[in-house]
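Working notes, beginning with the structure itself.
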2 protein chains.
Amino acid sequence: MPSKVSSSSKDGNSPKISEATVSRLPAYYRALSQLADAAQVRVSSEELAALTGVSSAMLRKDLSHLGSYGTRGVGYEVEFLRYQISREMGLNNDWSVVIVGVGNLGRALAHYGGFGSRGFRVVALVDADQTLIGTKVKCGAEGKTVELLVHALSDLEDVIKETNARLGVVATPAESAQVVSDRLVKAGIRSILNFAPVHLSVPEGVDVRKVDLASELQILAFHEQRKAV
Amino acid sequence: MPSKVSSSSKDGNSPKISEATVSRLPAYYRALSQLADAAQVRVSSEELAALTGVSSAMLRKDLSHLGSYGTRGVGYEVEFLRYQISREMGLNNDWSVVIVGVGNLGRALAHYGGFGSRGFRVVALVDADQTLIGTKVKCGAEGKTVELLVHALSDLEDVIKETNARLGVVATPAESAQVVSDRLVKAGIRSILNFAPVHLSVPEGVDVRKVDLASELQILAFHEQRKAV
DNA sequence: ACACATTTGTGCAAAAAAGCACAAATCCTC
DNA sequence: GAGGATTTGTGCTTTTTTGCACAAATGTGT
């Protein structure tokens, strides 16, 4: 059994952070970034919890899984905690992202500031549409925009190899999503963000996260309907 | 205590479908729609589960909360089950959606086919940007596109009243999201889909669902980092 | 140096979700 | 019409997640 003392920078085994906790870390990270921008030095679990919409007890337990980075009676140091979370989540390395599907959504994603900043960089755009291939699309939010060439879907493997992309975004129509996914996986991508409204089946070891706009609306509608009793 | 027999069309109290189940119903609904389009008449829990990426046991338990709509030894009738889910989720009524923030994302959402179809209709676009107000934006996917005028943010309340919108989509920058949310709530909106990377605090009785692109990538990055041990 | 006010970290309890396994119900074949 | 092959619906178990409450640790003031 490994010692429990503050897991040093390169702990051999994973201390097993629960999935629920992982899903909340980004929110903590963002709130801490905001506080840092506002030059706030310290923050209590209560305050940070309020900013992120969780209970303070849950926040403390989540953070305790990363290590004991707070000071009792005082709170957490904003910059220090932010750094610890970013390190834990691997936001220090920067991650290369390939977006497949340069329709309205794909383009919006390419422009999206949250992608460009904080560790993520869109390095390649791919589409099957002949009329799009070869055109240039602006990537990144204002500040550091880059123009990227849209590559042919048939070059997907080469593009991934050349750009060293490790994260794949599927923003294609539902019909082509599975095929694209298969090719991403074959090209070595093991983490996929899927915006197409279908379930992607992938081999073990590959992670898929799904963002489904229509589903979210449907869930809202369900609850909305219940309210109107 | 209410009888447990098949909750009839207008059951007085909610049979309490768990949140986890609700979040999966849209996936079932979509898979069933696909099957229906392919003219498939029946489907087993095993098959539908495979299409949606859940276990067959979980699927059956989820569906059992809606009622006993399958036939043992046979399976489920595609059209019938699809209808039951759509009824349960209120997809028969059509829901009017107002989108606040007509940037890249807002426009992509307006175009998005999944919104226009199946019960949802974008009825209003609102933005604070003077250069956008008064311009027209195409809404809906190919087939039935509509041009919508972009209204001024200051007219938000009127627009909501006139269009009878019940669902609000926040696609503004983080800075303005909370203000917009407050105004949506004040105008009577009680279901909000939030794409801005901040937590919205809303009074009780208002539902907010958050879609956060950067968070999703960060979660993927976390797991990706762990793989590379 | 000592009591006191804070605020974290965490053991334990409760609730929610997921998984298992099988009885009950249906269809099909002979 | 009886037996066998399916497939649903569900009771029970296990796991995960959340919530509570308080001891432990720190800072403060006198």
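Throughout, protein chains are lettered first and strands after them, A, B, ... in sequence-line order, and every chain is numbered starting at 1.
Dashed line: the shortest gap from a side-chain N or O of A:Y76 to OP1 or OP2 of C:dG9 is under 4.0 Å. Look at B:S68 and you'll find a side-chain N or O under 4.0 angstrom from OP1 or OP2 of D:dG9.
Between the CZ atom of B:R60 and the P atom of D:dG11 there is a distance of 14 Å, given to the nearest Å. Computed from coordinates, the A:Y69 OH to D:dA25 C1' distance equals 18 Å when rounded to whole Å. Atom CD1 in B:I17 sits about 16 Å away from atom C1' in C:dA16, given to the nearest Å. One can place CZ of A:F80 at 15 Å from C1' of C:dT8, the figure rounded to the nearest angstrom. The CG atom of A:L59 sits 15 Å away from the P atom of D:dC20 (whole-angstrom rounding). Rounded to whole Å, atom P of C:dA18 lies 11 Å from atom CD of B:E19. Straight-line distance from the CG atom of B:L48 to the C1' atom of D:dT7: 14 Å, rounded to whole Å. A straight line from CE of A:M58 to C1' of C:dA15 spans 14 Å, rounded to a whole angstrom.
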Next on the checklist: For B:Y69 and B:F80: C-alpha separation, side-chain torsions, deciding distance, then whether ring pair (Phe, Tyr, Trp, His ring centres under 6.0 Å) applies.
Outcome noted: CA-CA 8 Å; B:Y69 296 139; B:F80 181 66; 5.5 Å; yes
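With C:dT10, D:dT18, C:dA18 as the candidates, the nucleotide lying closest to the side chain of A:A20 is D:dT18. Of the listed nucleotides (C:dG9, D:dT8, D:dT10), D:dT8 has the atom at the smallest distance from the side chain of B:R72. When each of C:dT10, C:dT26, D:dG11 is scored by its nearest atom to the side-chain atoms of B:V74, the top-ranked nucleotide is C:dT26.
As judged by a 4.0 angstrom heavy-atom cut-off over every strand, A:S18 is placed among residues touching the sugar-phosphate backbone only. Residue contacts shown for A:R42 are absent, as no nucleic acid heavy atom lies under 4.0 Å away.
Counting only N and O atoms by type, the side chains of A:N92 and A:S86 include a donor and acceptor under 3.5 Å apart. Counted by atom type alone, B:N104 and A:Y112 present zero donor-acceptor pairs between their side chains at under 3.5 Å.
One N or O donor and one acceptor, one from the side chain of A:K61 and one from the base of D:dG19, sit under 3.5 Å apart.
Each of B:T21 and A:S45 has a nearest nucleotide on DNA chain C; the 5'-most of these lies closest to A:S45.
B:Y28 places a side-chain heavy atom less than 4.5 Å from the side chain of B:I85. A heavy-atom distance below 4.5 Å is found between the side chains of B:L153 and B:R183.
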